[in-house]
Amino acid sequence: KVFTSRSSTQTYSNAMDVGNPSNFERLLTMFDNDWKAMTKLIDGASISDTETLGEMQAVKKRTGRILDPHTAVGYLAAERFLESRNDTAKPQIITLSTAHPAKFREVVAEACGQAPELPGMLAEVMNKQKVSTVIGNNLEDLGSFLRDSL
């Protein structure tokens, strides 16, 4: 099999909107460029926006917890993986959340009916004035900026 990159597709899980993931080459290198060996240990899943919203709704209804869309994708992919195994030992998977639901307020509101509250620290940062400095896109300008900032 040969990996072929494709254009990115915009989804509710924007960190996953990658048509040519840089981690793919790193993973393949870890398996000595042996695609078959890699696919024996690593599986993938595709979750639509509709499925993402549905999983967010289901988890909220079942547990009271609010998931961000990235976590909902991982959670649903993990559920499907476990279902596909037909394993009588009932293995468990831990799904780690990578973002606070408040980062995706509009998506969470669409899925769960209300936007999550901003955590105190995030609300505090959101009220601060944005400060930025434009520098050139070369190493010399970056070095000068860093030296001047010290």
Side-chain angles (χ1 to χ4, degrees), residues 1-35 37-82 92-150:
K1 249 184 168 177
V2 177
F3 171 76
T4 305
S5 65
R6 59 179 172 80
S7 297
S8 297
T9 302
Q10 187 174 358
T11 69
Y12 289 143
S13 305
N14 59 357
M16 298 179 192
D17 296 350
V18 183
N20 188 11
S22 59
N23 285 337
F24 178 81
E25 291 297 327
R26 293 183 189 117
L27 286 170
L28 195 55
T29 299
M30 290 173 60
F31 289 90
D32 295 321
N33 293 313
D34 185 343
W35 171 264
M38 186 170 91
T39 58
K40 285 182 183 175
L41 290 177
I42 298 175
D43 198 9
S46 180
I47 309 295
S48 71
D49 280 348
T50 301
E51 292 168 317
T52 300
L53 293 176
E55 189 68 4
M56 293 168 73
Q57 289 170 341
V59 170
K60 171 80 165 76
K61 185 176 182 178
R62 195 168 59 246
T63 69
R65 296 192 182 271
I66 298 174
L67 302 182
D68 68 273
H70 295 82
T71 302
V73 166
Y75 194 87
L76 182 55
E79 286 180 334
R80 288 183 180 170
F81 173 76
L82 288 175
Q92 294 183 357
I93 290 180
I94 296 172
T95 304
L96 302 176
S97 183
T98 60
H100 193 284
K103 184 177 176 184
F104 304 92
R105 297 185 84 208
E106 295 82 15
V107 177
V108 172
E110 184 177 344
C112 300
Q114 68 182 68
E117 292 293 321
L118 289 175
M121 290 178 67
L122 181 56
E124 187 179 312
V125 169
M126 298 294 280
N127 290 324
K128 291 189 174 192
Q129 180 181 355
K130 181 180 177 180
V131 178
S132 64
T133 303
V134 178
I135 63 172
N137 63 349
N138 59 63
L139 190 57
E140 291 154 359
D141 288 351
L142 175 62
S144 295
F145 174 77
L146 293 173
R147 279 190 296 279
D148 294 345
S149 296
L150 297 176

message: How about CD1 on I94, more than 12 heavy atoms from neighbouring residues, nucleotides or ligands closer than 6.0 Å, or not?
response: no

message: For R65, is the CZ atom crowded, meaning more than 12 foreign heavy atoms sit under 6.0 Å from it?
response: no

Quick one: closest heavy-atom pair of [X] and [Y], and the distance?
| X | Y | answer |
| --- | --- | --- |
| A111 | L53 | CB-CD2, 3.7 Å |
| R62 | E79 | NH2-OE2, 3.5 Å |
| D141 | G136 | OD2-CA, 3.1 Å |
| T71 | S97 | OG1-OG, 2.8 Å |
| F81 | D43 | CD1-OD2, 4.1 Å |
| R80 | S46 | NH1-O, 3.6 Å |

message: To the closest 0.5 Å, what do you measure between CG (D34) and OG1 (T39)?
response: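 Here the rounded value is 8.0 Å.
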
- prompt: How many angstroms lie between CD in E117 and CZ in R105, if you round to the nearest 0.5 Å?
  reply: 6.5 Å

- prompt: Are V107 and M56 side-chain neighbours, meaning at least one heavy-atom pair lies under 4.5 Å?
  reply: yes

I135 and L142, any side-chain heavy atoms less than 4.5 Å apart: yes

message: For a side chain to side chain contact (heavy atoms under 4.5 Å, CB included) check, start with the C-alpha distance between I47 and E55, then their side-chain angles and the critical distance, and finish with the verdict.
response: CA-CA 10 Å; I47 309 295; E55 189 68 4; over 6 Å; no

task: Output all residues satisfying ring pair (Phe, Tyr, Trp, His ring centres under 6.0 Å) with F104, sequence neighbours left out; order by chain, then residue number.
output: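 Partners of F104 by the ring pair (Phe, Tyr, Trp, His ring centres under 6.0 Å) criterion, ordered by chain and then number, come out as H70.
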
query: In chain order, what residues pass the side-chain contact (heavy atoms from CB on, under 4.5 Å) check against M38, with sequence neighbours excluded?
result: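 Here the qualifying residues are F24, L27, L28, F31, W35, I42.
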
- prompt: How would you list, by chain and number, every residue that makes a side-chain contact (heavy atoms from CB on, under 4.5 Å) with L122, sequence neighbours excluded?
  reply: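 In terms of side-chain contact (heavy atoms from CB on, under 4.5 Å), with neighbours along the sequence ignored, L122 is linked to A102, L118, P119, M126.
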
- prompt: Would you say D49's side chain and T11's backbone share a donor-acceptor pair under 3.5 angstrom?
  reply: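 No, because the side chain of D49 does not come within donor-acceptor range (under 3.5 Å) of the backbone of T11.
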
- prompt: Between E51 and L76, does a side chain to side chain contact (heavy atoms under 4.5 Å, CB included) hold up when you go through it step by step?
  reply: CA-CA 8 Å; E51 292 168 317; L76 182 55; 3.9 Å; yes

field: Audit row: M121, V125, side chain to side chain contact (heavy atoms under 4.5 Å, CB included) steps and yes/no
entry: CA-CA 6 Å; M121 290 178 67; V125 169; 5.7 Å; no

